[in-house]
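Contents: one structure, followed by commentary.
Atom set for the values below is all heavy atoms of this structure, side chains included, hydrogens, waters and symmetry mates excluded.
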Amino acid sequence: MERVRELLEAEQRQALRRLAGLTGDFDDVVAASRDTNADDEHDPEGATIAFERSQVSALVLQVQGHLAEVEAASDRLAAGTYGICERCGQPIAKARLEARPTARTCIGCASSS
């Protein structure tokens with residue numbers, strides 16, 4: 001189980017780094033919109049600032065969701081239920097857990113949903 005703990009910690013570190021970067025990107029987009037008089041809603045040359053802000057916000061939400069999955073997997077590990085499919089109760093294949101340490105279901109149950 002030590003290997004699993006290391007995988008989950010690595011996933012968490014990577015997600016936190018990505019979140020920090022995205023938060024910086026979001027702050028940069030917001031700052032840029034404050035410092036300009038441009039009418040970005042009607043600029044035919046590119047994406048609007050609102051669109052960029054929306055994209056970064058969506059990515060932040062995605063990373064936050066992944067962090068929640070990592071935390072839930074860590075909780076399952078602590079509770080002794082890690083690696084057990086939440087749908088059928090059978091063990092989740094080791095290869096699946098190595099590829100996706102936050103997996104909650106076995107391959108059979110995941111493909112049937």
Quiz item: Just wondering, more than 12 heavy atoms not from Glu71 lying within 6.0 Å of its CD?
Solution: no
Quiz item: Rounded to the nearest 0.5 Å, what separation is found between the CD atom of Glu69 and the CD atom of Glu11?
Solution: 11.0 Å
Practice problem: State the CZ-OG1 distance between Arg100 and Thr105, to the nearest 0.5 angstrom. | Solution: 7.0 Å
Quiz item: Any idea which heavy atoms bring Cys85 and Cys109 closest together, and the distance?
Solution: SG-SG, 3.7 Å
Quiz item: Counting N and O atoms only, with roles assigned by atom type, does the side chain of Arg87 sit under 3.5 Å from a partner on the main chain of Cys106, one being a donor and the other an acceptor?
Solution: no
Quiz item: Quick one: side chain to side chain contact (heavy atoms under 4.5 Å, CB included) partners of Gln12, sequence neighbours excluded?
Solution: Leu16, Leu67, Val70
Quiz prompt | Residues forming a side chain to side chain contact (heavy atoms under 4.5 Å, CB included) with Ala72, sequence neighbours excluded | solution = Arg76, Arg104
Self-check item: side-chain contact (heavy atoms from CB on, under 4.5 Å) between Arg13 and Glu9, intermediate numbers included
Solution: CA-CA 6 Å; Arg13 283 190 304 273; Glu9 288 171 357; 3.6 Å; yes
Practice problem: Sort and list the pairs that fulfil salt bridge (charged side-chain N to carboxylate O under 4.0 Å, His left out) and have at least one residue in residues 54-67, not counting sequence neighbours. | Solution: none
Quiz item: Could you state the interatomic distance from CD (Glu2) to CG (Leu7), rounded to the nearest 0.5 Å?
Solution: 10.5 Å
Quiz prompt | Residue Glu6 excluded, over 12 heavy atoms near CD under 6.0 Å | solution = yes
Self-check item: By side chain to side chain contact (heavy atoms under 4.5 Å, CB included) - contacts of Leu77 (at least two apart)
Solution: Met1, Val4, Arg5, Leu8, Tyr82
Self-check item: Intermediate values then yes/no, side-chain contact (heavy atoms from CB on, under 4.5 Å), Leu59 and Gln62
Solution: CA-CA 5 Å; Leu59 292 172; Gln62 183 182 30; 3.6 Å; yes
Practice problem: Check side chain to side chain contact (heavy atoms under 4.5 Å, CB included) between Ile84 and all other residues, then give those that pass, not counting sequence neighbours. | Solution: none
